[in-house]
Amino acid sequence: MNRWLLLLVAALYLLSLAVGPAWWPWRLGNEVGWTIVWELRVPRATLGLLIGGVLGLSGAVLQGWLRNPLAEPGVIGVSACAGFAAVCAFYSGLAAAFVLALPLAGIAGAAIAVALLMGAVRSGTGTVSLLLMGVAINAIAAALISLVLALSPNPFAYQEISLWLAGSIVDRDLRYLAIAAPFMIVGAAIVLGAGRWLDALSLGEDTARSLGADTRSLGLRLTLGVGLMVGAATSVAGVIGFVGLIAPHLIRARVGFRPGGTLVPSMLVGAALVLGADTVVRLLPTASELQLGVFTSLVGAPFLVRAVRKAHGAWLAT
């Protein structure tokens with residue numbers, strides 16, 4: 001299955017390079033065409049690939065770790081904290097003065113959330129309490145974002161902040177890619193090796209410990225990895241919802257419902273979803289390009305309703 005998913009991701013990546021106001025720009029064969037490809041299309045397509053991959057992987061990790069099929073990257077508060085820090089960069093004027101202030105602020109905000117969560121894990125907090133702490137962090141960060149928006153000095157700043165929060169990878173150049181990609185790659189490397197312990201956790205924490213799992217250090221490892229991935233993704237693209245929730249659901253049955261077996265396929269499915277969605281928003285006949293996060297939410301919400309109804313029907317049949 002991974003082979004077919006890789007082919008799908010590769011095809012969507014090439015399509016992302018080709019689609020836009022100038023179709024197949026490399027066919028122009030001149031300096032302008034290659035400038036479009038390397039300075040506009042390659043950073044956008046690569047960010048879509050990486051962001052979708054880490055969101056899908058983070059969703060699979062969180063659903064396996066928290067043993068909750070509705071867990072997704074925003075559930076532990078990292079996305080919200082990254083978003084709040086980026087909003088502060090907008091509000092203070094740093095984003096206008098320094099182009100990399102936005103991703104750097106987002107990563108700093110994510111680091112704060114990760115530090116709080118890792119402190120909770122070290123103190124022996126269980127997964128349910130950790131989930132509740134994530135909800136609390138989300139609520140506080142959302143309230144602070146609303147406060148900053150309410151205090152926004154002018155409607156243009158308010159609009160810019162709102163559009164960024166809606167999620168997009170438009171006009172992201174190689175500098176954004178260079179600063180975010182290392183964090184996403186390191187975060188993915190940290191969690192990809194935890195598959196067998198996630199399988200053990202599916203049997204319960206006590207059983208996992210009896211099989212040799214150090215649940216506390218595993219929690220620290222997963223928190224750090226997910227924090228790095230989600231924080232870096234949010235710092236450059238805003239909030240892109242539902243990808244981390246949907247991707248594991250699409251492949252879980254095909255890997256025997258093993259949490260560890262969903263990691264790599266979920267990463268590939270997430271990359272395909274974001275690349276495909278970003279291509280679609282470029283083709284929609286709208287006056288201005290629809291925000292990527294808005295589109296994924298519009299598509300993802302009905303999917304969630306269908307998944308819940310299907311699960312409820314299966315429960316009634318038992």
Side-chain angles (χ1 to χ4, degrees), residues 51 54-55 57-68 70-92 94 101-149 161 164-165 167 179-180 182-191 194 197-198 201 205 213-241 244-245:
I51 290 169
V54 299
L55 290 179
L57 177 58
S58 298
V61 168
L62 290 173
Q63 289 176 21
W65 178 28
L66 302 176
R67 299 186 293 284
N68 186 336
L70 296 180
E72 55 96 23
V75 76
I76 58 174
V78 177
S79 295
C81 282
F84 170 64
V87 165
C88 289
F90 274 118
Y91 184 78
S92 64
L94 286 174
L102 194 58
L104 288 172
I107 290 172
I112 293 172
V114 169
L116 291 172
L117 292 166
M118 290 182 72
V121 174
R122 285 195 191 97
S123 66
T125 298
T127 55
V128 174
S129 298
L130 187 69
L131 186 60
L132 292 174
M133 178 173 284
V135 171
I137 292 174
N138 265 322
I140 294 170
L144 290 173
I145 288 173
S146 297
L147 178 63
V148 172
L149 289 174
I161 293 170
W164 185 85
L165 287 173
I179 196 169
F183 291 95
M184 290 189 274
I185 293 170
V186 170
I190 289 173
V191 302
W197 299 122
L198 289 175
L201 276 174
E205 290 193 20
D214 183 344
T215 55
R216 184 175 297 184
S217 66
L218 178 64
L220 291 171
R221 174 181 176 180
L222 297 179
T223 300
L224 177 62
V226 171
L228 287 172
M229 292 188 291
V230 178
T234 305
S235 72
V236 295
V239 180
I240 299 176
L245 178 66

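Only a predicted model underlies this, so the values are computations on that prediction, with no experimental measurement involved. Throughout, numbering of the chain's residues begins at 1 and tracks the sequence.
- Closest approach of W164 to A86, counting heavy atoms only: CH2-CB, 3.3 Å.
- Taking both residues in full, the closest heavy atoms of A110 and V78 are given as CB-CG1, 3.7 Å, listed atom of the first, atom of the second, then distance.
- To the nearest 0.5 Å, the span separating CG on L66 from CG on L198 amounts to 10.0 Å.
- Here the shortest heavy-atom pairing between L62 and P73 reads CD1-CA, 3.6 Å.
- For the side-chain contact (heavy atoms from CB on, under 4.5 Å) criterion with L55, the lone passing option out of T234, L245, I240 is I240.
- For V236, the side-chain contact (heavy atoms from CB on, under 4.5 Å) criterion is met by L47, I51, P103, Y176, A180, not counting sequence neighbours.
- Considering only residues two or more places apart in sequence or on other chains, E72 meets the side-chain hydrogen bond (donor to acceptor under 3.5 Å, both in side chains) condition with none of them.
- Nearest heavy atom pair, residue A105 against residue A85, reads O-CB, 3.0 Å.
- Minimum heavy-atom separation, I145 to A80: CD1-O, 4.0 Å.
- Rounding to the nearest 0.5 Å places CZ of F84 at 8.0 Å from CG of L147.
- Here the straight-line distance linking atom CG of L132 with atom CD1 of I137 works out to 11.5 Å at 0.5 Å rounding.
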Donor-acceptor pairs under 3.5 angstrom involving side-chain atoms of residues 221-232: please list them, not counting sequence neighbours.
residue, atom, partner, partner atom, Å
R221, NE, I190, O, 2.7
R221, NH2, I190, O, 3.2
T223, OG1, G219, O, 2.7

